[in-house]
Structures are given as C-alpha cells and as structure tokens.
Amino acid sequence: MRGSPIYREFAPRAVLGEFVHCVWTFTAPPDATPQPIAPDGRPELIVHCGQPYVERATARIQPPVLFAGQLTKPLSLAAPSDVALIGVRFRVDGARAFLGRDVDAATNRRLDLAALHGQAAVTLHNAAREAGGLRQTVEVVQDYVEARVVDGRVDALVREAVTRLLAGEEVCALGVSERQLQRRFKAHVGVSPRALQTILRFRRVFDAIEQPETSGWVEAALDAGYFDQPQMARDFRRFLGCTARDWAAQRTGLAKALTVSVQALDTMSDGYKKSGRAFE
C-alpha cells in the first residue's frame with residue numbers, strides 16, 4: 001500500500017443508533033513515527049484487516065480484533081506495516097451491551113475480543129478480511145455489533161447525565177446520590193462523570209484548533225473551556241504525555257485522523273465524511 005492515509009466515517013444503521021456513534025475506516029502505509037492517540041470519551045471496537053498497530057510503551061502488538069476502552073492516560077502507536085482497519089465508535093454510554101460486562105473493565109486497556117466473545121470474534125475477523133469492498137466490510141462489522149446489542153439497554157439516568165456533559169452542562173439534580181451515579185457511570189461509561197467532563201473538555205481543544213479563526217493554542221484552550229493555557233498543558237501531559245507543540249509536530253496517521261471533529265454525525269446521512277479509496 002502506498003499513498004496518503006485515508007480516513008472515512010459512516011453514520012451507523014438506524015437500529016444501532018442507540019449504541020453507536022459512527023463507523024469508521026482507516027488505511028495507511030507503514031509509519032514508524034509515534035502516533036499519540038487523544039481520548040474522545042467513546043469506547044471502540046477495532047477490527048484490523050491489515051497488520052495491527054504496535055503499542056510503543058510495551059512493544060505489544062494489538063490483537064486482530066479488540067475492544068478499546070476509555071483512555072485516561074497516554075497511548076502511542078506505531079504502524080510497522082500497511083494499515084487497514086475498521087472501527088465502531090460507540091456512544092459514550094453505549095458499549096456495555098456489546099461488551100457483555102461493565103465497561104470499566106476495559107478502561108485504559110485494549111481487550112482481545114477473541115478472549116471475550118470466542119470463535120465469533122475470529123469469524124468476524126475472517127469475514128471482514130474477505131469482504132468484497134469497503135461498504136461490504138462496514139456491513140459485516142455492523143451485523144456483528146447488531147447481533148450483540150439486539151437485546152441491550154442503556155441506563156436512562158446515565159444517558160441524561162452524558163447528554164448534559166456533552167452539551168457543556170453540569171450534572172446535578174438527577175435524583176440519585178453522587179456515589180450511585182459514579183457506580184452507574186463506571187458500569188456504562190467506564191469513568192466517573194468528573195473524569196468524562198475533563199476528557200470532553202480536552203477533546204474540544206482539537207475541535208477549536210482546527211477552526212480557521214483560531215489564532216493558536218491559547219485561544220483554543222479558552223474556547224475549549226480552560227481557564228488558561230497552563231491548565232490545558234497539564235491535560236496534554238496527562239492524556240498524551242507531551243506538550244501541545246510536541247503533539248502538533250508528531251501528529252500523523254491515525255493520531256491525526258482521530259482528532260477530526262465528529263460533531264456532525266448525529267444528523268449525517270449514511271455515506272462518507274472523508275473521501276478517497278480504501279478497502280478496494
């Protein structure tokens with residue numbers, strides 16, 4: 001595989017809308033450059049149709065099919081070979097029905113799905129690799145997710161709290177104790193409400209810096225809801241293990257693709273958000 005990385009997003013089929021934020025694909029040539037992955041508050045299913053990434057901190061090769069939980073600390077990847085993968089980005093609180101257990105078990109972990117779902121995950125990997133093209137691959141993976149969540153439910157109280165946090169509002173007056181809300185959040189989201197609020201604020205930095213009217217990191221920090229740039233800098237060290245300038249210099253491959261804003265997907269029709277050729 002040669003050429004530039006190609007990233008595409010698809011709105012999920014309607015029956016998955018309660019659980020899934022989007023489906024995405026990514027192809028790229030080999031790239032040994034460190035790729036620091038920014039958290040966005042959404043767990044993901046990843047199916048590697050090419051060679052899996054290597055997690056640089058441990059030199060661990062990722063499983064062919066994995067569930068990636070919430071990120072609250074640095075994760076840096078490298079691509080020693082051609083990359084071709086498909087991801088299902090769950091809604092913030094939508095992954096528990098798919099995983100089949102409380103999602104805090106996956107926080108800061110990339111779980112081998114074959115160890116959780118058995119032969120079904122192996123069959124999924126083979127079917128995705130053998131699909132006839134990009135759209136067929138997207139459908140194969142959505143079929144798998146739909147079969148897992150068909151009888152699933154979301155926690156209405158957690159969904160209300162998440163909706164408020166996504167809108168930049170505080171979580172209060174929900175009729176339960178703070179301890180109970182935290183327990184239900186960890187089961188369905190993987191982190192506490194306060195931790196999710198911090199992740200979402202950090203994510204908004206990347207949306208802000210991409211806007212043409214944003215003059216630099218200081219303005220991006222303020223637009224995202226930080227008091228000042230030093231407060232944002234602490235979160236860069238916490239979540240990415242580097243400074244904002246270092247991240248901008250290193251941003252390549254998947255790290256770059258995953259900081260593209262996905263705000264419009266809630267009303268997007270089925271189709272490409274980014275164009276190009278992939279899986280074909």
Indicate every side-chain donor-acceptor pair of residues 119-127 with a distance under 3.5 Å to a residue at least two apart or in another chain.
{"unit_1": "T123", "atom_1": "OG1", "unit_2": "Q119", "atom_2": "O", "d": "3.1"}
{"unit_1": "H125", "atom_1": "NE2", "unit_2": "H48", "atom_2": "O", "d": "2.8"}
{"unit_1": "N126", "atom_1": "ND2", "unit_2": "V122", "atom_2": "O", "d": "3.4"}

Identify all side-chain donor-acceptor contacts of residues 90-98 below 3.5 Å with residues at least two apart in sequence or on another chain.
{"unit_1": "R91", "atom_1": "NH1", "unit_2": "G17", "atom_2": "O", "d": "3.1"}
{"unit_1": "D93", "atom_1": "OD1", "unit_2": "R159", "atom_2": "NE", "d": "3.0"}
{"unit_1": "D93", "atom_1": "OD1", "unit_2": "R159", "atom_2": "NH2", "d": "3.2"}
{"unit_1": "D93", "atom_1": "OD2", "unit_2": "R159", "atom_2": "NE", "d": "2.8"}
{"unit_1": "R96", "atom_1": "NE", "unit_2": "D102", "atom_2": "OD1", "d": "2.7"}
{"unit_1": "R96", "atom_1": "NH2", "unit_2": "D102", "atom_2": "OD1", "d": "2.8"}

Compile the donor-acceptor pairs under 3.5 Å between side chains in residues 239-247 and protein atoms, sequence neighbours left out, one pair per line.
{"unit_1": "T243", "atom_1": "OG1", "unit_2": "D246", "atom_2": "N", "d": "3.0"}
{"unit_1": "T243", "atom_1": "OG1", "unit_2": "D246", "atom_2": "OD2", "d": "3.2"}

Which pairs of donor and acceptor atoms, one on a side chain in residues 221-230, lie under 3.5 Å apart (sequence neighbours left out)?
{"unit_1": "Y226", "atom_1": "OH", "unit_2": "D235", "atom_2": "OD2", "d": "2.6"}
{"unit_1": "D228", "atom_1": "OD1", "unit_2": "Q231", "atom_2": "N", "d": "3.0"}

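Side-chain atoms of Q70 come within 3.5 Å of backbone N or O of V189 as a donor-acceptor pair. D31 places no side-chain N or O within donor-acceptor distance of the main-chain N or O of A79, the cut-off being under 3.5 Å. T214 places no side-chain N or O within 3.5 Å of a backbone atom of E210 that could act as its donor or acceptor partner. Distance alone, capped at 3.5 Å, places no donor-acceptor pair between the Q62 side chain and the P52 backbone. T107 contributes a side-chain N or O that, together with a main-chain N or O of G190, makes up a donor-acceptor pair within less than 3.5 Å.
Residues R129 and C49 come closest through the heavy atom pair NH1-O, 2.9 Å. Considering every non-hydrogen atom in both I86 and V138, the closest pair reads CD1-CA, 3.6 Å. V205 approaches F236 most closely through the heavy-atom pair CG1-CE1, 4.2 Å. Nearest heavy atom pair, residue R42 against residue L166, reads NH2-CD2, 4.1 Å.
For R110, the salt bridge (charged side-chain N to carboxylate O under 4.0 Å, His left out) partners two or more places apart in sequence, or in a different chain, are E55. A search for side-chain contact (heavy atoms from CB on, under 4.5 Å) contacts involving S215 returns E219, not counting sequence neighbours. Annotation: side-chain contact (heavy atoms from CB on, under 4.5 Å) contacts of D143 (sequence neighbours excluded): R13. R237 meets the side-chain contact (heavy atoms from CB on, under 4.5 Å) test with A233, R234; sequence neighbours excluded. Residues passing the salt bridge (charged side-chain N to carboxylate O under 4.0 Å, His left out) test with D112, sequence neighbours excluded: none. Scanning for side-chain contact (heavy atoms from CB on, under 4.5 Å) contacts around E178 gives Q182, with sequence neighbours left out.
Environment of CZ in R201: crowded, with over 12 heavy atoms of neighbouring residues, nucleotides or ligands closer than 6.0 Å. Within 6.0 Å of atom CZ in R101, 12 or fewer heavy atoms from other residues, nucleotides or ligands are found, so the atom counts as exposed in its surroundings.
By the 4.5 Å side-chain criterion applied to Ile, Leu, Val, Met, Phe, Trp and Tyr, I61 is assigned to a cluster that also includes V54.
Using cut-offs of 30° and 60° on the angle between ring planes, the pair Y144 and H117 is tilted.
Under the 4.5 Å side-chain criterion, counting only non-hydrogen atoms from C-beta, Y7 is not in contact with K256.
Every pair passing salt bridge (charged side-chain N to carboxylate O under 4.0 Å, His left out) that includes a residue from residues 162-173 is listed here, sequence neighbours excluded: E160-R164.
Partner of L16 under the side-chain contact (heavy atoms from CB on, under 4.5 Å) criterion, chosen from V88, V23, V145: V145.
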